[in-house]
Enquirer: 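Here it is, the structure in full.
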Protein chains: 2
Amino acid sequence: MDGGSLSIGELARATSTKVETIRYYERSGILPSPPRTSGGYRAYGPGHLARLSFVRRGRDLGFSIEQIRALLDLADQRDRPCEAVDAIAREHLAEVERKLADLGALRRELAALIGQCRHGTVAECRILDALAPA
Amino acid sequence: MDGGSLSIGELARATSTKVETIRYYERSGILPSPPRTSGGYRAYGPGHLARLSFVRRGRDLGFSIEQIRALLDLADQRDRPCEAVDAIAREHLAEVERKLADLGALRRELAALIGQCRHGTVAECRILDALAPA
DNA sequence: GATGAGGCCTGTAGCGGCTACAGGGTCAAG
DNA sequence: CTTGACCCTGTAGCCGCTACAGGCCTCATC
């Protein structure tokens, strides 16, 4: 690929993203369609690299595609206050904390279940008992 | 519906499940197809109620449909040892613990991010900085 | 210039676990 | 006999990818 621009495979390697995922991001509108070479290959510039890196970090932090889209939109309005950014991050944190609480409760329940196993036959299995109707 | 048998709506209410979900469970083979009335309505018996309750509790505990299917199969082999049951539960617990660890790390990262917010303009937003490429 | 390997292209379908229709049939109360 | 609540099938959508199939492009090598 010519100077400065990246093929989809190169962009994929540069961002630890699969090629199919990049095309999916393009389809879903979060990564703009790049120009094409004469042969029809996508040719990405540094802007695409930066944007995809942003998306990947956001995904690693658990933000949804929609949230990332909103963050990217906000990032373009450089002299507005950053409260909206803060709000998205806080909402996501709250969601993470809800999931943590749920999973913690789940772990306790599962551990209690497993602790009751007497390693006998299925007929007297307490794990199955706990699942069977009361 | 006649004595002892339940319509799909009644079964749904009895198990806090949506009607569509019950039909989905039947399609996916985890709940057996019930007999039908002359008008073509599903007519569920106590066995179905018990089985669906089991499935629901399993789902509430985070087991996958496949795991629940395996547990149900095991539950039928009453004089085999219950090690396989134990193994499924332990594996699920391990998975839950992995997710807990991941979410905990995520929470720390997000909290750090949010703690850096200086409530200025978008241009100087540290949350966006943290997402933007290095 | 032919060939072959490895990339790239589009389009479509699948994952899990539901959920939500549309467009009909059934049934019991009044 | 009508009304309205229920039920039926079939299909499509959600999220965030992932995995093909069946081709085209490019480049190095002979």
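Just so we're on the same page: letters track the sequence lines, and every chain starts at 1. Every value quoted in this text rests on a predicted model; they were computed, and no experiment measured them.
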Enquirer: Is the phosphate of C:dG17 approached by B:R69 (side-chain N or O, under 4.0 Å from OP1 or OP2)?
Expert: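 No, because none of the side-chain N or O atoms of B:R69 sits under 4.0 Å from OP1 or OP2 of C:dG17.
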
Enquirer: Which comes earlier along DNA chain D counting from the 5' end, the contact point of A:F63 or that of B:G39, where each point is its nearest nucleotide?
Expert: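 The answer here is B:G39.
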
Enquirer: For the pair A:R80 (side chain) and A:R78 (backbone), establish whether a donor and an acceptor sit closer than 3.5 Å, ignoring hydrogens and angles.
Expert: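 It does not hold such a pair.
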
Enquirer: Where the side chain of A:V19 is defined as all heavy atoms beyond and including C-beta, which of D:dA19, C:dA20, C:dC8 is the nearest nucleotide?
Expert: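 Closest nucleotide to the A:V19 side chain: C:dC8.
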
Enquirer: In whole angstrom, what separates B:Y24's OH from C:dC15's C1'?
Expert: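 It is 10 Å, rounded to the nearest whole Å.
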
Enquirer: Look at the side chain of A:R59 and decide which nucleotide, out of C:dC18, D:dC17, D:dT9, has an atom nearest to it.
Expert: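 From the listed options, D:dC17 comes nearest.
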
Enquirer: Kindly point out which of D:dC17, D:dC7, C:dC27 is positioned nearest to the side chain of B:I8?
Expert: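 Of the candidates, D:dC7 comes closest.
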
Enquirer: On DNA chain C, does the nearest nucleotide to B:E20 precede the nearest nucleotide to A:G9 from the 5' side, or the other way round? Give the residue.
Expert: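 So the residue in question is A:G9.
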
Enquirer: Which part of the nucleic acid, if any, lies within contact of A:S64, taking any heavy atom under 4.0 Å across all strands shown: a base, the sugar-phosphate backbone alone, or nothing?
Expert: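 Result for A:S64 = sugar-phosphate.
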
Enquirer: Between C:dT19, C:dG6, D:dG16, which nucleotide has the shortest distance from any of its atoms to the side chain of B:T21?
Expert: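 In terms of side-chain proximity for B:T21, the closest of C:dT19, C:dG6, D:dG16 is C:dT19.
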
Enquirer: Among the nucleotides C:dA20, C:dC27, D:dG16, which one has an atom lying closest to any side-chain atom of B:S38?
Expert: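 The listed nucleotide nearest to B:S38's side chain is C:dC27.
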
Enquirer: Measuring from the side chain of A:Y41 (C-beta onward, heavy atoms only), which nucleotide among D:dT9, D:dC25, C:dC18 has the closest atom?
Expert: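 Among the listed nucleotides, the one closest to the side chain of A:Y41 is D:dC25.
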
Enquirer: At less than 4.0 Å, is any side-chain N or O atom of A:Y25 found next to OP1 or OP2 of D:dC17? Yes or no.
Expert: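 Affirmative; the distance criterion is met.
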
Enquirer: If we ignore hydrogens and angles and just use 3.5 Å, is the side chain of B:E109 paired with the main-chain N or O of B:L106 as donor and acceptor?
Expert: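 Side chain of B:E109 to backbone of B:L106: no pair is present.
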
Enquirer: Check this for me: does any side-chain nitrogen of one of A:D73 and A:R69 sit under 4.0 Å from a carboxylate oxygen of the other?
Expert: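 No, no charged N to carboxylate O under 4.0 Å.
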
Enquirer: Just wondering, more than 12 heavy atoms not from A:E83 lying within 6.0 Å of its CD?
Expert: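 No.
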
Enquirer: Check whether any side-chain nitrogen or oxygen of A:S7 sits under 4.0 Å from OP1 or OP2 of C:dC8, and answer yes or no.
Expert: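 Answer is yes, contact under 4.0 Å.
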
Enquirer: Could you check which of D:dC7, C:dT19, C:dC8 has an atom nearest any side-chain atom of B:K18?
Expert: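 So the side chain of B:K18 is nearest to C:dT19.
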
Enquirer: Does A:R42 place a side-chain N or O at less than 4.0 Å from the phosphate oxygens OP1/OP2 of C:dT10?
Expert: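 Yes, A:R42 has a side-chain N/O under 4.0 Å of OP1/OP2 on C:dT10.
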
Enquirer: For A:R27 and for B:G40, find the nucleotide of DNA chain D with the closest heavy atom, then tell me which residue's nucleotide is more 5'.
Expert: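 Final value for this comparison: B:G40.
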
Enquirer: Does the side chain of B:R56 come under 3.5 Å of the side chain of B:T17 through a donor N or O and an acceptor N or O?
Expert: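 A donor-acceptor contact under 3.5 Å links the two side chains.
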
Enquirer: Taking only side-chain N and O atoms of A:R23, does any of them lie within less than 4.0 angstrom of OP1 or OP2 on C:dT10?
Expert: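 Looking at the OP1 and OP2 atoms of C:dT10, neither is under 4.0 Å from any side-chain N or O of A:R23.
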
